Amino acid sequence: MSVELKTPEALEVMRQAGRINSEVRALLIEAVRPGVTGLELDRLAKQAIAERGGEPTFVGYAPMGKPPYPGAICYSVNEHLVHGIPGKRALQEGDIVSIDLGVTYHGYVSDAATTVAVGTVSPEARRLLESTQRALWAGIEAARPGNRLGDVSAAIGACGKGYGIVQGYGGHGVGRQMHMDPHIPNYGRAGTGLKLMAGMVIALEPMFALGSPATEETDDGWTVVMSDGSLSAHFEETVAITAQGPEVLTRIA
Ligand code: MF3
Ligand code: CO
């Protein structure tokens with residue numbers, strides 16, 4: 001496995017890609033309310049990215065065997081875990097929706113997601129969101145030179161006790177492409193795996209569910225749903241590993 005190290009110049013461009021991602025994601029989160037549809041949010045994302053000189057990374061993304069992805073965002077409601085295609089389904093009070101956004105700027109990608117509560121949600125949903133977000137922060141905290149990838153995965157997994165920790169999907173390296181080495185599972189053993197170095201940039205994305213961790217893909221070729229229909233949450237940030245520690249490139253102000 002070869003992991004790309006970014007030059008200071010590349011990192012500076014990635015900071016800008018991350019800045020645009022966080023600004024647009026903030027607009028999207030603000031627009032979430034009962035009645036709004038995925039298509040409306042997707043249109044907003046496309047416009048706001050273009051205004052800032054970026055490109056929507058996800059549009060046309062077509063890994064082997066998959067239809068080209070149509071949206072600028074992934075929009076995954078309730079039991080939909082990730083990669084939901086924005087459609088006409090309107091959000092309802094009590095839903096939780098993961099909004100995942102990729103922005104390419106001057107050839108470099110930023111990738112980030114937030115699961116948002118629509119109005120008041122159940123106490124279990126709220127705890128699920130809190131735990132998944134806490135897992136992301138714990139992973140970020142461990143993303144520093146001298147640590148190993150297993151330290152990051154273990155820190156994330158430790159926050160998932162009592163939840164279904166999804167196994168088939170996880171974090172990844174980011175750079176000129178969205179999905180690069182290394183793959184970063186959301187569970188693992190501390191002290192194992194790749195040694196982290198300054199200059200690496202990674203996207204961490206814990207995914208937890210209230211029930212079983214088993215997932216399946218729906219027949220649109222993209223949407224990943226929990227097999228048992230349970231609520232699921234997903235948070236993601238793009239993080240640069242620097243000599244000073246983790247620097248979150250996609251943080252919302
Ligand atoms: N953050 C998601 C991931 O890393 C982005 C999916 S890209 C899409 O898997 F094009 F598939 F939507
Ligand atoms: Co990602």
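What you see is a predicted model; the values in this text were computed from it and never measured. Every heavy atom of this structure was used, including side-chain atoms; hydrogens, water molecules and symmetry mates were not. For ligands, and for the atoms within them, numbers begin at 1 and follow the listed sequence.
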Donor-acceptor pair, distance only, cut-off 3.5 Å: does the side chain of [X] make one with the backbone of [Y]?
X	Y	result
Ser212	Gly164	no
Asn21	Ser110	yes
Asp151	Ala190	no

Does any N, O or S atom in Asp100 come within less than 2.8 Å of the Co ion (ligand 2)?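 Under 2.8 Å: Asp100 has no N, O or S contact with the Co ion (ligand 2).
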Please determine if the Co ion (ligand 2) has an N/O/S atom from His179 lying under 2.8 Å away.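 It does not: His179 brings no N, O or S atom closer than 2.8 Å to the Co ion (ligand 2).
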Strictly by modelled atom types, are [X] and [Y] linked by a side-chain donor-acceptor pair under 3.5 Å?
X	Y	value
Thr104	Thr57	yes
Gln16	His106	no
Arg25	Thr114	yes

For [atom], what is the closest protein heavy atom, and at what distance to 0.1 Å?
atom	value
atom 5 (C) of ligand 1	Phe58 CZ, 3.4 Å
atom 9 (O) of ligand 1	His83 NE2, 2.9 Å
atom 1 (N) of ligand 1	Asp100 OD2, 2.6 Å
atom 11 (F) of ligand 1	Trp222 CZ3, 2.9 Å
atom 12 (F) of ligand 1	Cys74 SG, 2.9 Å
atom 7 (S) of ligand 1	Met178 CE, 3.4 Å
atom 10 (F) of ligand 1	Tyr61 CD2, 3.3 Å

Between His179 and His172, does the ring centre distance come in under 6.0 Å? yes
[X] side chain near [Y] side chain, heavy-atom distance below 4.5 Å:
X	Y	result
Thr37	Arg89	no
Tyr163	Ser131	yes
Met207	Val224	no

With atom 3 (C) of ligand 1 as the reference point, say which of His179, Glu236, His234, Met207 has the nearest heavy atom. His179
Closest [X] atom to the Co ion (ligand 2) [N, O or S only]:
X	result
Glu236	OE2
Glu205	OE2
Asp111	OD2

Would you mind running through ligand 1 and noting each atom that sits below 4.0 Å from a heavy atom of [X]?
X	answer
Glu205	1 (N), 3 (C), 4 (O)
His172	4 (O)
Tyr69	10 (F), 12 (F)

Mind checking the OG-CZ spacing from Ser98 to Phe235? Nearest 0.5 Å is all I need.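 Spacing of OG (Ser98) from CZ (Phe235) equals 8.5 Å.
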Heavy-atom distances under 4.0 Å are what count here, so tell me which part of Tyr169 touches ligand 1: side chain, backbone, both or neither.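 Neither; nothing of Tyr169 gets under 4.0 Å from ligand 1.
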